[in-house]
Protein chains: 2
Amino acid sequence: MSQAHERPTLEAVARLAGVSRATVSRVVNGSPKVAEPIRSAVRRAVEELGYIPNAAARSLVTQRTDSIALVLPESASRVFSDDPFFPSIIHGVSQELDAADKQLVLMMTNTVGGYERVERYTTARHVDGVLFASTHGVDPLPGQLHRLGMPVVVSGRPLGRSAVPYVDVDHIGGVRAAVRHLLDSGRSRIATIAGPQDMVAGIDRLAGYRAELRGSDRRSIVAVGDFTRESGATAMRQLLEDDPQLDAVFVASDLMAHGAITTLRELGRRIPEDVAVVGFDDFDISRYTDPPLTTVRQPILELGRELARQLLRVIAGEEVPPAVVLPTELVVRASA
Amino acid sequence: MSQAHERPTLEAVARLAGVSRATVSRVVNGSPKVAEPIRSAVRRAVEELGYIPNAAARSLVTQRTDSIALVLPESASRVFSDDPFFPSIIHGVSQELDAADKQLVLMMTNTVGGYERVERYTTARHVDGVLFASTHGVDPLPGQLHRLGMPVVVSGRPLGRSAVPYVDVDHIGGVRAAVRHLLDSGRSRIATIAGPQDMVAGIDRLAGYRAELRGSDRRSIVAVGDFTRESGATAMRQLLEDDPQLDAVFVASDLMAHGAITTLRELGRRIPEDVAVVGFDDFDISRYTDPPLTTVRQPILELGRELARQLLRVIAGEEVPPAVVLPTELVVRASA
DNA sequence: CTGAAAGCGCTTACAG
DNA sequence: CTGAAAGCGCTTACAG
């Protein structure tokens with residue numbers, strides 16, 4: 001039985017094949033300038049010994065690790081709650097990384113200690129680049145890493161000044177289309193349940209609502225949630241207290257919209273007859289709510305893929321645009 | 001602006017502090033045998049230069065990477081579908097790894113090429129150990145890595161002979177309790193929707209059903225699904241064709257149970273009056289189905305945590321039991 | 001096309 | 001307690 005620490009090295013392969021370590025290295029790395037007979041002798045020796053290059057040794061000289069970190073500044077519970085947002089991001093990133101033969105290191109944390117670990121890990125050059133999803137507030141870490149020369153791309157337009165390239169979706173355009181749809185269908189008291197106001201997604205969606213309402217004579221009616229189902233249910237209750245006559249609500253996430261629907265139903269309002277509801281996300285399940293949810297579709301999987309693609313370009317030394325904004329789209333179903 | 005490749009090395013710190021590299025290394029790694037004045041001089045230099053040890057260089061000599069791989073032999077789409085199984089495993093693993101200050105490398109793949117990458121990556125010693133979740137059929141990779149001396153722990157009792165330590169739940173005990181519950185409540189024609197028969201979870205749950213029925217005079221009525229909602233709906237339809245009089249069904253996963261409920265409702269059967277339904281998993285959503293689902297609870301988060309704990313023990317050179325089996329428990333709600 | 005040699009940035013016996 | 005030196009396992013100019 002072979003031991004853990006007796007794995008064959010380049011040296012062993014070179015000896016068996018009767019060539020130098022340099023030559024073995026060239027063959028293993030597919031350099032074209034090795035003569036055919038030597039090449040196959042080396043291949044045989046590699047095969048026979050089951051040689052696999054040591055990653056650390058290779059990284060030390062090439063300065064590459066072929067892996068990248070995806071940082072989710074959230075607790076793992078949040079990341080893997082029933083909200084499919086993060087899973088979709090991970091899924092999209094993973095697709096592109098697979099295609100590029102890079103590995104994915106997943107870092108989830110919402111603690112200060114965890115964040116420090118992220119910093120140490122990434123600046124120790126364990127990874128070739130770092131992706132941030134869904135940062136809260138003004139997050140200094142992406143900028144810091146970027147200044148250290150580390151390839152970084154973030155998801156969502158950063159709050160505050162930042163030179164870090166980002167990928168985002170057109171929150172405002174999507175929300176305006178949603179609110180316009182409510183206006184066009186004759187709704188007069190249009191409320192909103194906004195997302196957390198320390199995140200761009202929360203801020204921009206509220207801004208979109210306000211912007212579209214501004215053109216009409218309707219006043220705004222606002223409650224704020226945190227993107228969870230429960231917060232949507234609670235916020236809906238508040239809105240109905242604020243304005244029992246409201247006849248429409250734009251909700252800044254599908255999950256909150258589900259919560260809002262539960263509340264409306266409990267209070268005996270018909271959807272959409274009494275109150276029209278529009279969500280934001282277009283999660284799969286929103287097709288199956290009762291009634292099916294009218295919502296703004298944002299391409300989350302594609303967002304993940306684009307993040308990864310941009311980062312791979314930065315790593316390859318290519319120029320990337322400072323921002324990529326993916327389109328959103330109103331999907332009309334039965335709830336509004 | 002500092003450049004990517006100009007990060008300070010041990011050498012630089014040593015020069016600034018006026019000591020040898022060995023001493024800096026000792027201070028950085030917290031060795032106790034460095035005199036206090038020197039220690040603080042080194043600390044200052046580290047601070048001033050923003051020194052972070054290079055991970056590859058360190059790994060090369062220590063043979064440790066402080067990261068471990070979690071291999072999910074499934075497509076990313078499957079892992080991040082609406083099935084919360086994998087997310088919970090990841091969550092549990094991540095919790096324990098965080099506590100141990102190790103990083104998580106996530107590898108998802110159901111392609112041959114992908115599997116080869118997993119093999120190369122892990123045997124290249126990119127990670128200190130490997131966790132496998134939910135293998136299909138007789139999977140040779142865990143055993144191979146184990147024989148190479150790589151720390152490995154798998155989730156689910158391996159099919160075929162294997163010396164690799166595993167963590168599993170008590171499928172059979174849980175299923176027997178479920179079927180017994182159906183028998184005790186006077187059900188006479190008890191069908192089952194089994195899981196995939198190339199996975200231990202599928203095989204054992206069917207075995208538990210058969211074992212418990214054997215003690216009674218009931219015959220078995222079996223359909224097979226693949227743990228998805230859709231397959232549950234289809235299988236339920238088949239079962240009702242096979243035996244229109246059936247009055248109970250044990251379904252080997254909650255998601256399939258949800259599918260079965262949809263079918264039963266479409267065909268006008270009342271639950272539990274006409275047909276009692278029991279699931280397996282106890283996902284959160286199963287509390288909210290109509291009616292709330294009676295099901296066998298398996299501790300998935302804990303399974304993930306235990307996997308990580310066992311692996312960390314193996315890595316630390318401790319002895320671990322060849323198998324850890326976590327208990328399952330029948331949770332009676334309204335559906336049966 | 002091939003090899004000898006330097007070097008990537010650390011850790012760790014070994015001496016003193 | 002501290003340092004000089006060897007060595008971890010590779011890659012890559014540089015010569016030839």
Side-chain angles (χ1 to χ4, degrees), chain A residues 3-43 45-46 49-66 120-121 123-128, chain B residues 3-43 45-46 49-66 120-121 123-128 148-149:
Chain A
Q3 291 295 303
H5 299 289
E6 292 184 358
R7 307 243 46 230
T9 66
L10 250 202
E11 178 66 43
V13 177
R15 224 160 29 216
L16 181 60
V19 299
S20 72
R21 280 144 66 221
T23 298
V24 176
S25 175
R26 288 187 190 106
V27 173
V28 167
N29 291 295
S31 157
K33 39 187 188 172
V34 176
E36 184 45 54
I38 297 212
R39 184 193 305 273
S40 47
V42 171
R43 288 234 183 82
V46 165
L49 297 176
Y51 170 71
I52 308 260
N54 177 299
R58 179 177 272 176
S59 285
L60 185 53
V61 25
T62 62
Q63 310 268 37
R64 287 182 302 101
T65 65
D66 291 328
R120 298 194 79 74
Y121 188 81
T123 77
R125 314 212 151 268
H126 248 119
V127 290
D128 297 339
Chain B
Q3 291 295 304
H5 301 287
E6 291 182 0
R7 310 244 43 231
T9 66
L10 250 202
E11 179 67 44
V13 178
R15 224 159 28 216
L16 181 59
V19 299
S20 72
R21 281 144 66 220
T23 297
V24 176
S25 175
R26 290 190 188 101
V27 173
V28 167
N29 290 295
S31 158
K33 37 187 189 173
V34 176
E36 187 43 56
I38 298 213
R39 185 194 305 274
S40 47
V42 171
R43 287 234 184 82
V46 165
L49 296 174
Y51 171 71
I52 308 260
N54 176 299
R58 179 178 271 176
S59 285
L60 186 54
V61 24
T62 62
Q63 311 268 38
R64 285 182 303 98
T65 64
D66 291 328
R120 298 193 80 75
Y121 188 80
T123 78
R125 314 211 151 269
H126 248 119
V127 290
D128 296 339
L148 287 172

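Letters go in sequence order (proteins before strands), and every chain restarts at 1. Model, not experiment: these values are computed from the prediction. All values below come from the heavy atoms of this structure, side chains included, with hydrogens, waters and symmetry mates left out.
To the nearest 0.5 Å, atoms CZ (A:Arg125) and CZ (A:Arg64) are separated by 13.5 Å. With values rounded to the nearest 0.5 angstrom, A:Thr123 atom OG1 is found 11.0 Å from A:His126 atom NE2. Considering CG of A:Asp66 and OG of A:Ser59, their distance stands at 7.5 Å, rounded to 0.5 Å. Atom CG of B:Leu49 sits about 9.0 Å away from atom OG1 of B:Thr9, to the nearest 0.5 Å. Interatomic distance, A:Ser20 OG to A:Glu11 CD, rounded to the nearest 0.5 Å: 10.0 Å.
Comparing C:dC10, D:dG3, D:dC10 by their closest approach to the side chain of A:Ala57 singles out D:dC10. Side-chain proximity of A:Val61 to the nucleotides C:dC1, C:dC10, C:dC8 is greatest for C:dC8.
Proximity of B:Ser20 to the phosphate of D:dG3: a side-chain N or O atom is located under 4.0 Å from OP1 or OP2.
Nucleotide D:dC10 holds its P atom 11 Å from the CZ atom of B:Arg125, rounded to whole Å. Atom CG of A:Leu10 and atom P of C:dT2 are 16 Å apart (whole Å). Atom P of nucleotide D:dG3 and atom CD of B:Glu11 are separated by 13 Å, given to the nearest angstrom. One can place CZ of A:Arg64 at 16 Å from P of C:dG9, the figure rounded to the nearest angstrom. If you take CG of A:Leu60 and C1' of C:dC8, they are 4 Å apart, rounded to a whole angstrom. In this structure, B:Arg7 places its CZ atom 16 Å from C1' of C:dC8, rounding to the nearest Å. Look at CG on A:Asn54: it is 13 Å from C1' on D:dT11, rounded to the nearest Å. If you measure from atom CD of B:Gln63 to atom P of C:dT11, you get 14 Å, rounded to the nearest angstrom.
Considering every non-hydrogen atom in both B:Val24 and B:Val19, the closest pair reads CG2-CG2, 3.7 Å.
Base-pairing analysis of DNA chain D finds the following stems of at least three consecutive Watson-Crick or G-U pairs, with both pairing distances under 3.5 Å: C:1-3 with D:14-16, C:5-12 with D:5-12, C:14-16 with D:1-3.
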Pair up each side-chain donor or acceptor in residues 51-58 of chain B with any protein partner under 3.5 Å, not counting sequence neighbours, and list the distances.
unit_1  : atom_1 : unit_2  : atom_2 : d
B:Asn54 : OD1    : B:Ala56 : N      : 2.8
B:Asn54 : OD1    : B:Ala57 : N      : 2.9
B:Arg58 : NH2    : B:Asn29 : OD1    : 3.2

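Interface residues of residues 21-34 of chain B facing DNA chain C, ordered by number: B:Arg21, B:Ala22, B:Ser25, B:Arg26, B:Asn29; criterion, heavy-atom separation under 4.0 Å.
DNA chain C is contacted by both A:Glu36 and B:Ile52; A:Glu36 maps to the nucleotide lying nearer its 5′ end (nearest heavy atom per residue).
Counting only heavy atoms from C-beta outward, the side chains of B:Arg43 and B:Val27 approach each other to under 4.5 Å.
Within the 3.5 Å criterion, the main-chain N or O of B:Arg39 finds no donor-acceptor partner in the side chain of B:Arg26.
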